[in-house]
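Working notes, beginning with the structure itself.
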Amino acid sequence: MESYQAERERMVNQQIAGKGVSDEKVLEAMRKVPRHVFLPEEARAQAYLDSPVRIGSGQTISQPYIVALMTELLDVHPDHRVLDVGTGSGYQAAILGELAEEVHSIERHPELAVSASERLESLGYAHIHVHVGDGTQGYLAAAPFDRIIVAAAAPDVPEPLLEQLAENGRLVIPVGTRFSQQLEVWDRVGDDYKQRKTISVVFVPLIGKSGWES
Ligand code: SAM
């Protein structure tokens, strides 16, 4: 099967490093993970374009730059346990898997979770665990998490995610309306949280008990 290494190199240089992402560990992970494997067969030619791509069930795999930027903002260390909300294709989980000790990824659509899990297993990511459920409630069985990343738009930050952050933990999440959001970074410092807003983004809605209703 074609490896698309040259396309990945170009993607990193032009779309990611070229737009300001500079964390070498993140760039290395983006060079390594075969993004085309996470797309349906008929969409593989679009894998390395500078845009999101449809993956079925009305969902998308995020634009490479957004995956890289969110991962850089997350500041993942090798000993971290990470929660990834909105597994989708499993691509973001694989990028996290390159950087962290353990990754839990949760998806509300069972069919997406099953194919992402099979894909991640076939690529050898034994430390990435995919779960079906409402990620607005976090994943209590493996909490607390050093890092939490949410790849769907929330009306407000879900309380359970803040509660499941470890001491010095960090959450990266798009918050806003259904049509436009800002990427927010929340840091837990003792019992307090510090929040800052970064760029404007557009994500599919986070649907669940502490998200949108439908
Ligand atoms: N990270 C994914 C990837 O790398 O392919 C892309 C995520 S896609 C932009 C957003 C995903 O969030 C969709 O698959 C959607 O079904 C999922 N989602 C929405 N609300 C959710 C919830 N409450 N819990 C878990 N997943 C949710």
Side-chain angles (χ1 to χ4, degrees), residues 11 16 26 29-30 32-40 43-44 46-49 51-71 73-74 76 82-100 103-120 123 125 128-142 145 147-161 164 171-176 178-181 183 201-214:
M11 170 188 85
I16 300 173
V26 174
M30 300 291 297
K32 183 172 171 195
V33 176
R35 182 171 161 94
H36 59 282
V37 173
F38 293 83
L39 290 178
R44 286 193 173 176
Q46 301 169 52
Y48 299 102
L49 299 182
S51 63
V53 183
R54 290 186 189 285
I55 54 170
S57 305
Q59 303 303 325
T60 53
I61 179 174
S62 305
Q63 179 190 8
Y65 169 68
I66 293 294
V67 174
L69 177 70
M70 289 179 80
T71 310
L73 287 170
L74 203 60
V76 181
V82 181
L83 177 64
D84 169 46
V85 176
T87 312
S89 67
Y91 177 68
Q92 173 76 75
I95 296 290
L96 296 168
E98 292 292 330
L99 304 170
V103 179
H104 290 269
S105 185
I106 183 160
E107 169 59 53
R108 64 185 284 270
H109 286 293
E111 67 283 5
L112 289 179
V114 167
S115 44
S117 178
E118 287 172 357
R119 212 171 268 142
L120 289 162
L123 289 169
Y125 291 106
I128 304 179
H129 310 282
V130 179
H131 313 283
V132 177
D134 176 5
T136 69
Q137 302 307 292
Y139 187 67
L140 206 48
F145 298 97
R147 299 291 185 258
I148 301 179
I149 185 169
V150 181
D156 293 296
V157 175
E159 275 299 321
L161 298 185
Q164 289 177 30
L171 163 69
V172 175
I173 180 170
V175 180
R178 287 183 81 106
F179 309 105
S180 150
Q181 307 89 36
L183 212 45
V201 286
V202 180
F203 274 86
V204 296
L206 180 71
I207 294 169
K209 194 172 167 203
S210 305
W212 298 97
E213 263 180 35
S214 62

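Every number for a ligand or one of its atoms is a count from 1 in the order of the listing. Starting from 1, each residue takes its place in the sequence as its number.
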### Task
Answer whether the closest heavy-atom distance between the side chains of Y48 and P64 falls below 4.5 Å.
no
### Message
Suppose I only count heavy atoms of G133 and a 4.0 Å limit; which atoms of ligand 1 are within that range?
### Response
24 (N), 25 (C)
### Message
Test your reading of the structure: does I55 have an N or O sitting under 3.5 Å from an N or O of ligand 1?
### Response
no
### Task
Would you mind listing which atoms of ligand 1 come within a distance below 4.0 Å of any non-hydrogen atom of A151?
1 (N), 7 (C), 8 (S), 9 (C), 10 (C)
## Note on the structure
Within 4.0 Å of some non-hydrogen atom of V204, the atoms of ligand 1 are 9 (C), 10 (C)
### Task
List the steps, then state whether side-chain contact (heavy atoms from CB on, under 4.5 Å) holds for L161 with T136.
CA-CA 7 Å; L161 298 185; T136 69; over 6 Å; no
### Task
Could you pull out, from G135, G88, A113, A153, the option with a heavy atom nearest to atom 24 (N) of ligand 1?
G135
### Query
Passes side-chain contact (heavy atoms from CB on, under 4.5 Å), E98 versus Y125? Steps please.
CA-CA 9 Å; E98 292 292 330; Y125 291 106; 2.6 Å; yes
### Message
So if I count the atoms of ligand 1 from 1 in the order they appear, which ones are less than 4.0 Å from some heavy atom of T136?
### Response
23 (N)
### Summary
Judged by heavy atoms only, the candidate from L39, T87, V67 nearest atom 2 (C) of ligand 1 is T87
## Note on the structure
Atoms of ligand 1 under 4.0 Å from any heavy atom of S89, numbered from 1 in the order shown, are 3 (C), 4 (O), 5 (O)
### Task
Check each of V103, I149, L99, I95 against V76 using the side-chain contact (heavy atoms from CB on, under 4.5 Å) test, and report the only one that passes.
L99
### Message
Closer than 3.5 angstrom, by distance alone: can the side chain of Q181 be matched with the main-chain N or O of F203 as a donor-acceptor pair?
### Response
yes
### Message
For the CD atom of E107 and the CG atom of D134, what is their distance to the nearest 0.5 Å?
### Response
11.0 Å
### E107 neighbourhood, listing ligand 1 atoms whose heavy-atom distance to it stays under 4.0 Å
11 (C), 13 (C), 14 (O), 15 (C), 16 (O), 17 (C), 25 (C), 26 (N)
### Query
Which atoms of ligand 1 sit under 4.0 Å from any heavy atom of T60?
6 (C), 7 (C), 8 (S), 9 (C)
### Task
Establish, from distance only, whether the side-chain atoms of Q92 and T71 form a donor-acceptor pair under 3.5 Å.
yes
### Task
Please work out whether the ring planes of H131 and Y139 are parallel, tilted or perpendicular, with thresholds of 30° and 60°.
parallel
### Task
Flag D84 as yes when one of its N or O atoms lies below 3.5 Å from any N or O atom of ligand 1, and as no otherwise.
no
### Closest protein heavy atom to atom 19 (C) of ligand 1, given as residue, atom name and distance to 0.1 Å
P205 O, 3.5 Å
### Message
Suppose I only count heavy atoms of I61 and a 4.0 Å limit; which atoms of ligand 1 are within that range?
### Response
5 (O)
## Note on the structure
Residues F38 and A94: closest non-hydrogen pair is CZ-CB, 3.7 Å
### Query
Is R178 atom CZ crowded by more than 12 heavy atoms from other residues, nucleotides or ligands, each under 6.0 Å away?
yes
### Task
Name the closest protein heavy atom to atom 4 (O) of ligand 1, giving the residue it belongs to and the distance to 0.1 Å.
Q92 N, 3.0 Å
### Query
Quick one: does ligand 1 sit under 4.0 Å from the side chain of A116, the backbone, both or neither, non-hydrogen atoms only?
neither
### Task
List the steps and the verdict of side-chain contact (heavy atoms from CB on, under 4.5 Å) for L96 and R147.
CA-CA 10 Å; L96 296 168; R147 299 291 185 258; over 6 Å; no
### Task
Give the residue, atom name and distance (to 0.1 Å) of the protein heavy atom nearest atom 15 (C) of ligand 1.
Q59 OE1, 3.4 Å
### Task
Starting from atom 23 (N) of ligand 1, find the nearest protein heavy-atom neighbour and note its residue, name and distance.
I207 O, 2.6 Å
### Heavy-atom gap S57 to ligand 1 smaller than 4.0 Å
no
### Message
Considering both backbone and side-chain atoms of S62, is one of its nitrogen or oxygen atoms within less than 3.5 Å of a nitrogen or oxygen in ligand 1?
### Response
no
### Query
Where do E111 and S57 land on the side-chain hydrogen bond (donor to acceptor under 3.5 Å, both in side chains) test, with the steps shown first?
CA-CA 8 Å; E111 67 283 5; S57 305; 2.6 Å; yes
### Message
Let's go through R119 and S89 carefully: what are the C-alpha distance in whole Å and the side-chain angles of both, what is the deciding distance for side-chain contact (heavy atoms from CB on, under 4.5 Å) to 0.1 Å, and is it a yes or a no?
### Response
CA-CA 9 Å; R119 212 171 268 142; S89 67; 3.9 Å; yes
### Message
Among all the protein's non-hydrogen atoms, which is closest to atom 25 (C) of ligand 1, and how far away is it?
### Response
R108 N, 3.4 Å
### Task
Return yes or no for this condition: an N or O of G86 is under 3.5 Å from an N or O of ligand 1.
yes
